[in-house]
Amino acid sequence: MLKALMGGVASVVLAGVVLSAVPAPVLAQSDYYFPAVSSADLDQAIPSPEQFLGYPIGSRYTRHDRVVEYLRELDRLSDRITVREIGRSYEDRPLLEVIVTSEANQARIETLKAAHARAADPSAAPDATAPVVVGLYYGVHGNETSSGEAALLTAYFLVAGRSAETRDWLDKAVILIDPVQNPDGRDRAANWHNAWASNPPVSDPADKEHVEPFPAGRTNHYFTDLNRDWLAVTQRETAAKLEVFHQWLPNVQIDFHEMGAGSTYYFEPSPASMESPLLPRASYEANVVLARYHAQALDRLGSLYYTKENFDNFSPVYGSTYPDFHGGVGVTVEQASSRGLVQDTDNGPLAFRFTIRNQTAVGLAAIRGAVEQRDYLRNLQRDFFRSAVEQGRRHDHAAFVFGDPANLGLTAQTLELLQRHRIRVYRLASAVNLDGRTFRPDSAYVVPSAQSQFRLIHSIFEPTPEVKGGVYGSTSYGIADAYGLVVGRARRAPALGEQVAAIPRHVGGVKGAEAAYAYAIDWRDLNAPAVLSALLRQGVSVRAAFQPFTARTAEGETTFERGSLVVTTTGQEKDAATLRSLVDAASRQAGVDAWSLATGQSLSGVDLGSDSVRRIRTPKIALIMGQGVNATEIGSTWFALSERLAWPATRLDPSQIGGVPLDDYTSIVLAGGSYDDWSD
């Protein structure tokens, strides 16, 4: 071993797994990553990643901007690939849609896209000649970095490949590549590993290269786990890729991950106890069909792997399960992670380039399997949507009615979510009483169960189904319950109005007379906190009602529940006209009504001068975030303050506590974590 190290290349064969201890730039990349491919099978006019980047793949971590540059270079050189920017991350890195297929298919790509999307319509005639669609989704967890490098190699192989098999794949498949779902997290991890790289690489797991500090690279800018966001769609990265997903509805979608260094390689099928009762058995049987191709690819490399033991297919929040809820075959693959260039494990040294090779091989195997099984996959998806309509038709609840006139913000947010998921929703034609509530046409909407997206509708409006056993991750995901949405579940569908094509936005703003004693804003609206934030930033004095009251407004008698905001004209540093303008602007921006009140005396409940209507102290908030703190928990608070409320919060490292004066802060937010070293 030492002699080999001194010679510049070291490798060990252990239990059938080839683990390279030191990256070997003298070894041709194509020989290592594509051992069954000759140089004659690769177009020499297309630069390999190594040629373009200037270093062998696996010898360092490729920054996101270089990933983008290389893919755009392939687009410039070849008619087989199209690279399109579909959005930007919170740190302003481009999000990409990469389409690889034959030159002939590229020339009619919009036609193919429209034809394939019709798979969700059970009444549409199938097109037996349409290509199968394969989605390869890399790097949703930014520090699971082997997949991003594999994306470059896979794109190169498909663009440069000249073999008859590669050309056949491109004729019969459209391959969607999302090279880096989480570019902010990836660069956080890549920069760390590159910054602490050593020559030769240090394989000790305790070395700094292998131990990322808070918040690590798994999550996005706001520390959100993007692999839990496919259903709720709270982050801009998710919204961008979901739009592409629904344009194509992939028949196969591989979500590339990494796991602990001491493991091997995992691919589905998952355990039966972790399957969703909402999905037909055929969806899970398809995992078994595709697994044969993954096994063959890793067998050829002599790589160890396992299946059927963990990682669930239960919840639609995941990138590998959301496709299952759309008639595709979603697959989680997990590669043991080197978290650096090489790391010692119980299985021997685990090298970064070895992990990349496994990921590349499985991605290409997925394409091979999809092409060979394209008729089977096409029928699977068509039958899936047909059975979804039937399942919805037989469901106990024929429709779901939602909408709250006191919370137009949540109603609009729900409409937006339904449209993102391509769920048909209609206006309510006439008033209906359900579950003890009255829903009215001017504020309520109807989602019929008998439609192709029924299984996702169930995931949003019904309680989460019971699990057969333990599941890997999310055991509860019902959106309606999570957000407190007012929902009526109807055994018989009410009369439907027109289908909602665009989300109606409530204009908001001040309603009522110019001369106001005060302005009142009902706190029940999801967007009311944004009004409060805007007014406090403008130096407006705002009060909160700790008891409900009813006042006369331009619409008659209006009830304001606990928490409602009261802005009195008196006691302000602004004159009356300026105050009205500020209240109007803030409430219009948020889409919330601010009612002009002519008197401080209420029709019922507390009056506006009551001790129960108290002035709100302008908050100065500290978020404790750093080593030992649960990043996703504190990140959710940061996201809400920053993106929803535009409120600046000071972020303090736990080590600063004791050295920073805390008296000025009105609130200190502590997420889950370890604070044992703090004094009283």
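Note that this is a predicted model, so its numbers are computed, not measured. Only heavy atoms go into these numbers, but all of them, side chains included; no hydrogens, no water, no symmetry mates.
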Between Tyr222 and Tyr90, is the gap from one ring center to the other below 6.0 Å?
yes
Angle between ring planes, Phe223 versus Phe214, binned at 30° and 60°: parallel, tilted or perpendicular?
perpendicular
Phe157 ring center near Tyr33 ring center (under 6.0 Å):
no
Closer than 3.5 angstrom, by distance alone: can the side chain of Ser147 be matched with the main-chain N or O of Gly139 as a donor-acceptor pair?
yes
Distance-only, no hydrogens or angles: does the Asp229 side chain make a donor-acceptor pair with backbone N or O of Thr234 under 3.5 Å?
yes
Residues at least two apart in sequence or cross-chain that pass side chain to side chain contact (heavy atoms under 4.5 Å, CB included) with Gln413, listed by chain then number, are Leu410, Tyr483, Leu526, Arg644
Would the His421 and Trp230 ring centres measure less than 6.0 Å apart?
no
Parallel, tilted or perpendicular: which fits the ring planes of Tyr265 and Phe267, with parallel below 30° and perpendicular above 60°?
tilted
Measuring centre to centre across the rings, with the benzene-like ring taken for any Trp, is Phe245 within less than 6.0 Å of Tyr322?
yes
Classify the angle between the aromatic ring planes of His116 and Trp248 as parallel (below 30°), tilted (30 to 60°) or perpendicular (above 60°).
tilted
Between His326 and His246, does the ring centroid distance fall short of 6.0 Å?
yes
All side chain to side chain contact (heavy atoms under 4.5 Å, CB included) counterparts of Ala261, not counting sequence neighbours:
Gln343, Thr345, Leu350
